[in-house]
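Below you'll find the structure, written out as structure tokens, and then a few comments.
These values consider heavy atoms only, across backbone and side chains, with no hydrogens, waters or symmetry-generated copies. Treat the numbers as computed from the prediction; the structure is a model and nothing was measured.
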Amino acid sequence: MTTKNLNLTEKLKLYFGFDKFKGDQEAIIRNLLDGKDAFVLMPTGGGKSLCYQLPSLIMDGTAIVISPLIALMKNQVDVINGLSEEEGVAHYLNSSLNKAAIQQVIDDVRSGRTKLLYVAPESLNKDENVEMLKGVKISFYAVDEAHCISEWGHDFRPEYRNIRPTINRIGAAPVIALTATATDKVRTDIKKSLGILDAVEFKSSFNRPNLYYEVRPKTKEIDRQLIVFIKQHAGKSGIIYCLSRKKVEELAAVLQANDIKAAAYHAGLDSVTRSQTQDDFLMERIDIIVATIAFGMGIDKPDVRFVIHYDIPKSLEGYYQETGRAGRDGGEGLCIAFYAYKDLQKLEKFMEGKPVAEQDIGRQLLQETAAYAESSVCRRRMLLHYFGETYDKDNCGNCDNCLHPKEKREAKNALLVVLKAVLAVKENFRQNYIIDFVKGRATDDITSHKHDQLEEFGAGEDEDPKIWNPVIRQAIIAGFLKKDVENYGLLKVTAAGKRFIKSPATFMIVEDTEFKEDDYEEAGDATGTALDPTLHAMLKDLRKQVARKAGLPTYVIFQDISLEQMATMYPVTLQELQNIQGVGAGKAKRYGQPFCDLIKKHCEENGIERPEELRVRTVAKKSMLKVKIIQSIDRQVALDDIANAQGLDFDELLNEVEAIVYSGTKLNIDYFLEEVMDDDHVDDIYDYFRESETDDLEVAMKELGPDYSEDELRLVRIKFLSEMAN
């Protein structure tokens, strides 16, 4: 079909209501109408889908769009069918359809009514679908999310490798491959696999000037920071990405508990819930989606104002694609990632057991992510460099590193040491090896290659060891070194690097940001660093008075950790008091009021503003096991039977029951004590805990002597705390 005389702008206006094309869209469409293969690299939000939707409506026959995403298919089919007065112009064929729906699709395709058929690669490769499509005129094949073909892409799908053989079986037609993120290595891989090495390439700029990039250290206070951030941007739409389904559900529950309209989204939820959540987000019934990467591909919501990465992603492609969902309308888009080195170690651990080649690729991708997070260079410049694009400005003015630049330092000598080292080891090793080599570390690897005997070995041992990573990373960006990605990430010296060795010039670098190991510990609640010592002392005095009056030990009233949190979070109502560790509803009601009154008075007298961020409600993480134990005790099941049913030994069960009682939940185990213990023993132990200043078990065993077993002491302590503390 010739396109010279075809007025495409008229067609664009007719079908989509737009007055003009964006970027390369018109050139891509004309190329396809002329029957040529195309490779389209267009960042998220650039208008990729129009590049195949419009030509499918103009050309004879049915266009086949291969996409991995059921959610995207449904979304786009609804859009196209909404443009047409006729039924069945667009369809999708995937595992979510029942038999009758599949038959309807087949009938519409065979009759020529369907111009656009979306299929998952698995569906395309099925024999019965291949046979059906052989009898249909195919206008072209569009392979969306084409990076899935490559093992170097961020979500490799093996079934994508079968697309070309299947196309050959159905019948030849032009192929257009589209992706939002692909490094040079991935691009070559895609074209090779699809058999379109001569495809015309269309590559749009990856720069999204409206997106602000920031990396924050992931600390114990992350949930609190998130809630403060979301409340500062109240009413705006945002996506928070987590790596695990468990974290998605926990975080969504914390946000909901703090009156934020949020919902969880991951592949483990049923399709009805997923669709509903997606619709709620698009229709603005909820503001925040907490999701795994299963969410967002092809979600066309133009006004997502922020994308937050709770966990650092596995690759920069993934990161770029996910952040690309912010600010598609050209308005503000805040992209904030939380980074802890521990998270990377966890991701590395997940790779164990995979094939060696896959582990190797995974580790290299992780190293690029770490470099991005730790570097103090302009984030935009680093991202664009990763995708093979040069960014010439020194300061982009819209990332944390550019808005708060670090002081630069001269690194001419360090760069010389590195360049000479790379050449000395014949450009055959990776970054970590080179760093060990210049530092003079005689590792097994280095000694086995006899490189410790080279003149250049240890040439940088007098330099600050922290300088080597930033020198190498920034030398790559500056073009003195290059990383041979196809070859395990080996470092090579470029022509510019060789010129630098001959006539060295100034080379200024910024040092990496240091992320301290102890910034983020996943376990345990933060007691907070802002403990108010005056209030803490007053609360301890009050606890003593209340205990004396009740004739009880102080630990029964509130544990030490509870007082520490009160002196940090300033709860002034019984409701707020229940957000404190170890304070359940019963305990708050029984002992809480005088503590709230004291805190309130202290805040008023000292002009203490209780910042919003210190009133974050946490969600008690009662695991399913704890819930089952509580339910069983309510039904008066014998404790040893509960232990057997849950696959625990008796000691482990008591640990769980103690944890439940110490967190403020009341349990009545009298029915069990009556069965297994002598009444006098129960009374003696109960009286001991009433008089004692501590609930420590070892102290109790010394005091009470060998007549009482450890299990008996623990059981009665559970009864005592339940009755007196909760």
Side-chain angles (χ1 to χ4, degrees), residues 1-16 18 21-42 46-67 76 80 83-84 89-91 93 109-119 121 124-125 129-130 132-147 149 160 162-179 182 187-204:
M1 165 172 195
T2 178
T3 70
K4 276 182 190 154
N5 307 320
L6 187 65
N7 188 332
L8 280 181
T9 313
E10 263 179 28
K11 298 283 186 191
L12 178 71
K13 182 76 177 161
L14 171 69
Y15 289 114
F16 292 92
F18 300 138
F21 288 100
K22 267 165 90 172
D24 286 335
Q25 283 177 331
E26 184 172 0
I28 293 165
I29 291 166
R30 286 196 186 278
N31 180 75
L32 197 54
L33 294 173
D34 288 341
K36 295 178 194 158
D37 296 332
F39 178 90
V40 177
L41 184 59
M42 192 182 279
K48 279 197 312 300
S49 44
L50 188 97
C51 297
Y52 54 77
Q53 287 171 345
L54 183 58
S56 75
L57 298 171
I58 296 170
M59 292 167 80
D60 290 338
T62 302
I64 293 179
V65 181
I66 300 149
S67 164
Q76 294 203 357
I80 296 295
L83 302 174
S84 172
V89 171
H91 271 304
L93 197 54
V109 170
R110 282 193 172 136
S111 71
R113 186 179 298 138
T114 300
K115 304 295 290 172
L116 198 57
L117 177 66
Y118 287 82
V119 289
L124 179 75
N125 296 333
N129 290 335
V130 170
M132 183 265 291
L133 290 169
K134 274 182 182 173
V136 173
K137 179 172 172 49
I138 307 295
S139 51
F140 61 87
Y141 299 90
V143 182
D144 207 358
E145 310 294 345
H147 54 267
I149 283 174
Y160 258 68
N162 295 324
I163 291 174
R164 185 73 232 186
T166 305
I167 287 176
N168 293 344
R169 286 168 66 201
I170 295 168
V175 174
I176 176 171
L178 308 102
T179 175
R187 284 216 297 282
T188 312
D189 236 6
I190 292 169
K191 291 197 292 187
K192 223 182 259 174
S193 177
L194 285 176
I196 53 166
L197 284 166
D198 298 331
V200 183
E201 278 207 22
F202 297 91
K203 190 178 170 191
S204 309

Item checked: Qualifying residues under side chain to side chain contact (heavy atoms under 4.5 Å, CB included), relative to Val130, sequence neighbours excluded -> Lys134, Thr166, Arg169, Ile170
Margin query: Going by the rule side chain to side chain contact (heavy atoms under 4.5 Å, CB included), which residues pair with Lys203 if we only count those two or more places apart in sequence or in a different chain?
Written below: Leu41, Arg187
Check: Do the side chains of Val65 and Leu116 get nearer than 4.5 Å, heavy atoms only?
Finding: yes
Item checked: Separation between CD1 of Ile28 and CG of Leu33, rounded to the nearest 0.5 Å -> 12.0 Å
Checklist line | Between CG on residue Asp34 and CZ on residue Arg30, distance to nearest 0.5 Å | finding: 8.5 Å
Check: Given side chains that start at C-beta, do those of Ile163 and Tyr141 come closer than 4.5 Å, heavy atoms only?
Finding: no
Note to self: Assess, by modelled atom type and distance only, whether the side chains of Tyr118 and Asp144 contain a donor and an acceptor separated by less than 3.5 Å.
What the structure shows: no
Check: How far does CG of Asp60 sit from OG of Ser56, to the nearest 0.5 angstrom?
Finding: 12.0 Å
Margin query: Testing the basics here: between Tyr160 and Val143, what is the closest heavy-atom pair and its distance to 0.1 Å?
Written below: CE2-CG1, 3.7 Å
Checklist line | Residues forming a side chain to side chain donor-acceptor pair (under 3.5 Å) with Asp37, sequence neighbours excluded | finding: none
Note to self: Is there a side-chain contact between Gln53 and Tyr15 in this structure, where contact means two heavy atoms from C-beta onward sitting under 4.5 Å apart?
What the structure shows: no
Next item on the list: State, with a plain yes or no, whether a side-chain heavy atom of Ile64 is found less than 4.5 Å away from one of Tyr52.
Entry: no
Checklist line | Which residues share a side chain to side chain donor-acceptor pair (under 3.5 Å) with Asp198, sequence neighbours left out | finding: none
Margin query: Treating Asn31 as the side-chain partner and Ala27 as the backbone partner, does any N or O pair qualify as donor plus acceptor under 3.5 Å?
Written below: no
Checklist line | Gap separating the CD1 atom of Ile149 from the CZ atom of Arg164, nearest 0.5 angstrom | finding: 10.5 Å
Checklist line | Pairwise side-chain contact, Ile190 with Phe39, heavy-atom cut-off 4.5 Å (strictly under) | finding: yes
Item checked: Check: Gln25 side chain, Lys22 main-chain N or O, donor-acceptor pair, under 3.5 Å -> yes
Check: Could you give the distance from OG1 (Thr62) to CG (Leu133), rounded to the nearest 0.5 Å?
Finding: 8.5 Å
Item checked: Nearest-0.5 Å distance that lies between atom CG in Leu54 and atom CD in Glu26 -> 9.5 Å
Margin query: List the residues meeting side chain to side chain donor-acceptor pair (under 3.5 Å) with Lys13, not counting sequence neighbours, and say none if there are none.
Written below: Asp19
Notebook entry, point to check: Is a donor on one side and an acceptor on the other found under 3.5 Å between the side chain of Lys11 and the backbone of Pro55?
Noted result: no
Notebook entry, point to check: Can you find a heavy atom in the side chain of Phe16 that is under 4.5 Å from one in the side chain of Leu50?
Noted result: yes
Item checked: Cys51 and Leu178, any side-chain heavy atoms less than 4.5 Å apart -> yes
